[in-house]
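Sharing a structure, written as structure tokens. Questions coming.
We use all heavy atoms of the structure for the numbers below, so side chains are in, but hydrogens, waters and symmetry mates are not.
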Amino acid sequence: MKNMAKKPSAITAEEFEVIRDSDAPFTDYYDFKIDDLHYADCLTRLPYAQKHVRPGGTICGPAMFALADYSMWLAVLSVVGKVPLAVTTSMNINFLNKPREADLLCHTKLIKIGKRLMVGDMTLYAEGDDQPCAHVTGTYSVPPQK
């Protein structure tokens, strides 16, 4: 396989955080972090917190889903830049393994970049684990540029 340098993102993490704070203040509940950001590719984090643990001692599904959706949003904006109203049109999550008590990481890679729709592939895993705890696919709609 060719060693290809990653293309730079169309938006910085700081620019994304400004958009997030103004357009999606509900994300404060999760305290998401951006670990790495490139064009169509990112790594995000959900810090481990007791408020996300469900009975049985595992991170709850809604928190995992929220991390995947957040990461997909970031990946989409890494391609299109500061475009308001890019929204989720569909997401599917498969829970694979119980994550241990650690931060959850989500690696997102866009696998289709269209003018109006983008499809992403997300893998969630507990920090330090080799095996994923969830696999997510999603589609985002991007409004037409005027």
Is the shortest side-chain heavy-atom distance between L74 and T108 below 4.5 Å?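 When only atoms from C-beta onward are counted, T108 and L74 do not touch, as no gap falls below 4.5 Å.
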Among the clusters formed by ILVMFWY side chains lying less than 4.5 Å apart, do I11 and V83 turn up in the same one?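 They do share one cluster, since a chain of ILVMFWY contacts under 4.5 Å joins I11 to V83.
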Quick one: are the ring centres of F32 and F16 less than 6.0 Å apart?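 Centroid distance F32-F16: not below 6.0 Å, so no.
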Any side-chain heavy-atom pair of M122 and H135 under 4.5 Å: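 They are not in side-chain contact.
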Who passes salt bridge (charged side-chain N to carboxylate O under 4.0 Å, His left out) against K82, sequence neighbours left out?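 Result, salt bridge (charged side-chain N to carboxylate O under 4.0 Å, His left out) vs K82: E15.
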Donor-acceptor list for residues 40-47 side chains, cut-off 3.5 Å, not counting sequence neighbours:
from, atom 1, to, atom 2, distance (Å)
D41, OD1, H107, NE2, 3.1
D41, OD2, H107, NE2, 3.4
D41, OD2, K109, NZ, 2.8
T44, OG1, S71, OG, 3.2
R45, NE, D35, OD1, 3.3
R45, NE, D35, OD2, 3.0
R45, NH1, D103, OD2, 2.9
R45, NH1, E127, OE1, 3.0
R45, NH1, E127, OE2, 3.2
R45, NH2, D35, OD2, 2.6
R45, NH2, E127, OE2, 3.2

Any sub-3.5 Å donor-acceptor pair from S78's side-chain atoms to H38's backbone N or O?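 Answer holds: yes.
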Measure the spacing between CG of D69 and OG1 of T27 and express it to the nearest 0.5 Å.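 That separation rounds to 11.0 Å.
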Side-chain contact, heavy-atom cut-off 4.5 Å: R100 with D129?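 R100 reaches D129 side chain to side chain.
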Taking all non-hydrogen atoms of both residues, which atom of G81 and which atom of A10 are closest, and how far apart?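 Taking every non-hydrogen atom into account, N-CB, 3.8 Å.
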Would you check if M118 and V80 make a side-chain contact, meaning some heavy-atom pair closer than 4.5 Å?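 Yes, side chains in contact.
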Using the rule that Ile, Leu, Val, Met, Phe, Trp and Tyr join whenever any side-chain heavy atoms are under 4.5 Å apart, tell me whether Y39 and V119 fall into a single cluster.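 Shared cluster, no.
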Do V53 and L124 sit in the same hydrophobic cluster, where Ile, Leu, Val, Met, Phe, Trp and Tyr count as joined when their side-chain heavy atoms come under 4.5 Å apart?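 V53 and L124: one cluster.
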Co-membership, hydrophobic cluster, residues I113 and V76, 4.5 Å side-chain: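 Hydrophobic grouping puts I113 with V76.
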Hey, could you give me the NZ/SG distance between K51 and C60, rounded to the nearest 0.5 Å?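 Reported value, rounded in 0.5 Å steps: 11.0 Å.
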Working note: R54 + I59, criterion side-chain contact (heavy atoms from CB on, under 4.5 Å); need CA distance, chi angles, decisive distance, verdict. CA-CA 6 Å; R54 63 173 293 272; I59 301 291; over 6 Å; no
Is there side-chain contact between Y125 and Q131, with at least one heavy-atom pair below 4.5 Å?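 No, side chains not in contact.
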Shared hydrophobic cluster for L105 and W73 (ILVMFWY, side-chain gaps under 4.5 Å):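 Unlinked, L105 and W73 end up in two clusters.
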Ring-ring centroid check H52 Y29, cutoff 6.0 Å: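 That pair passes the under 6.0 Å test.
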Heavy-atom closest pair, residues A66 and Y30: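 Heavy-atom minimum between the residues: CB-CZ, 3.7 Å.
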How many angstroms lie between atom CG of D121 and atom NZ of K112, to the nearest 0.5 angstrom?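 Answer for the CG-NZ pair, D121 versus K112, is 15.0 Å.
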Do the side chain of S90 and the main chain of G138 share a donor and acceptor less than 3.5 angstrom apart?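 Between the backbone of G138 and the side chain of S90 there is no qualifying donor-acceptor contact (under 3.5 Å).
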How many angstroms lie between SG in C106 and CE in M72, if you round to the nearest 0.5 Å?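 That separation rounds to 10.5 Å.
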Could you tabulate the donor-acceptor pairs under 3.5 Å formed by side-chain atoms of residues 92-99, not counting sequence neighbours?
from, atom 1, to, atom 2, distance (Å)
N97, ND2, P132, O, 2.8
K98, NZ, G56, O, 2.9

Would you please say whether a donor-acceptor pair under 3.5 Å links the side chains of Y140 and T88?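 Yes, T88 and Y140 have a side-chain donor paired with an acceptor closer than 3.5 Å.
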